[in-house]
Amino acid sequence: MEIIASLKNVNKIYKTGDTTITALATTNLELYKQQLTLIMGPSGSGKTTLLSLIGCVIYPTAGEIYVNDQLVTELSENQLAAIRLQKIGFVFQHFNLLNPLTALENVMQPLLLQGFSKAVAKEKAEFALAQVAMSERKHNLPKKLSGGQKQRVAIARALVTEAGMMLCDEPTASLDAKSAAQVMENLKSLAQTGKAVIVVTHDLRLRPFADRIIYVEEGKVSDTIKDEENYK
Ligand SMILES: Nc1ncnc2c1ncn2[C@@H]1O[C@H](COP(=O)(O)OP(=O)(O)OP(=O)(O)O)[C@@H](O)[C@H]1O
């Protein structure tokens with residue numbers, strides 16, 4: 001299996017006043033292409049911190065992070081922003097679509113930011129929308145779409161740049177069970193096309209969709225669950 005990102009002796013410690021919070025204890029981890037990896041854990045356990053580190057959103061307190069064999073922890077904020085735009089797709093719980101724009105225009109946005117022409121952006125955006133079965137709704141504004149449909153547009157927007165890695169923070173938390181299953185099926189088939197799809201969730205019902213599950217409990221990463229009672 002091909003590695004897309006790795007963490008070597010990485011930790012993240014927050015200091016506010018007199019208190020020190022170890023959001024992520026020292027972690028060694030490799031993430032792979034062509035896999036849907038679930039990062040699971042109770043509220044406040046460090047899942048978003050781990051995802052933000054992998055996604056080049058925050059710097060670790062110590063350790064090294066590699067994305068596509070590039071040591072990203074030595075890069076500047078601007079260089080990290082460029083990596084996020086080109087190499088990583090983000091999907092959030094609340095979709096974060098731009099309301100005045102149609103589904104198609106929303107998906108074109110990251111490509112226009114990257115400097116693609118409108119014609120090329122449109123062609124690529126239409127292909128991405130087809131991958132999540134949203135072609136028929138491409139001219140709809142977000143307010144005319146259901147929650148599940150909005151999330152599929154958000155997934156198309158995350159994959160349109162041909163990012164190798166898709167990072168999803170609670171992508172199904174606002175959805176009913178049927179829409180959540182459809183979104184997870186979409187993400188799973190994207191993993192099968194070669195992408196590394198990494199999904200943070202506290203919803204244990206999503207486990208059947210995963211190729212791999214990583215548990216984060218009290219800032220510690222492991223491949224086994226300690227106490228299911230803490231997950232809600
Ligand atoms: N910017 C910050 N400053 C101080 N403490 C922080 C910061 N970000 C996170 N923390 C703390 O680090 C710990 C881990 O937070 P994190 O958001 O990673 O957990 P989580 O598992 O994603 O939680 P949830 O499921 O509730 O989103 C928590 O104790 C949190 O309060």
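Since the model is a prediction, treat every value here as computed from it, not as a measurement. In each ligand, atom 1 is the first atom listed, and ligand 1 is the first ligand listed.
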Checking side chain to side chain contact (heavy atoms under 4.5 Å, CB included) for the pair Lys122/Met108: CA distance, chi angles, key distance, verdict? CA-CA 6 Å; Lys122 183 164 178 277; Met108 288 167 64; 4.2 Å; yes
Can you confirm whether Leu141 sits close enough to Pro100 that some side-chain heavy atom of one is under 4.5 Å from a side-chain heavy atom of the other? no
Contact between Leu36 and Leu190 at the side-chain level, heavy atoms closer than 4.5 Å - yes or no? no
Quick one, list the residues around ligand 1 where some non-hydrogen atom comes in under 4.0 Å, by chain and residue number. Tyr14, Ile21, Ala23, Pro42, Ser43, Gly44, Ser45, Gly46, Lys47, Thr48, Thr49
Do Glu30 and Tyr32 have side-chain atoms, one donor and one acceptor, less than 3.5 Å apart? yes
I'd like to know whether Asp203 forms a salt bridge (charged side-chain N to carboxylate O under 4.0 Å, His left out) with Arg205, so could you lay out the CA-CA distance, the side-chain angles of the two residues, the decisive distance to 0.1 Å, and finally the verdict. CA-CA 5 Å; Asp203 187 350; Arg205 290 172 305 179; 2.9 Å; yes
If you measure only the distance, is there a donor-acceptor pair under 3.5 Å linking the side chains of Gln79 and Ser76? yes
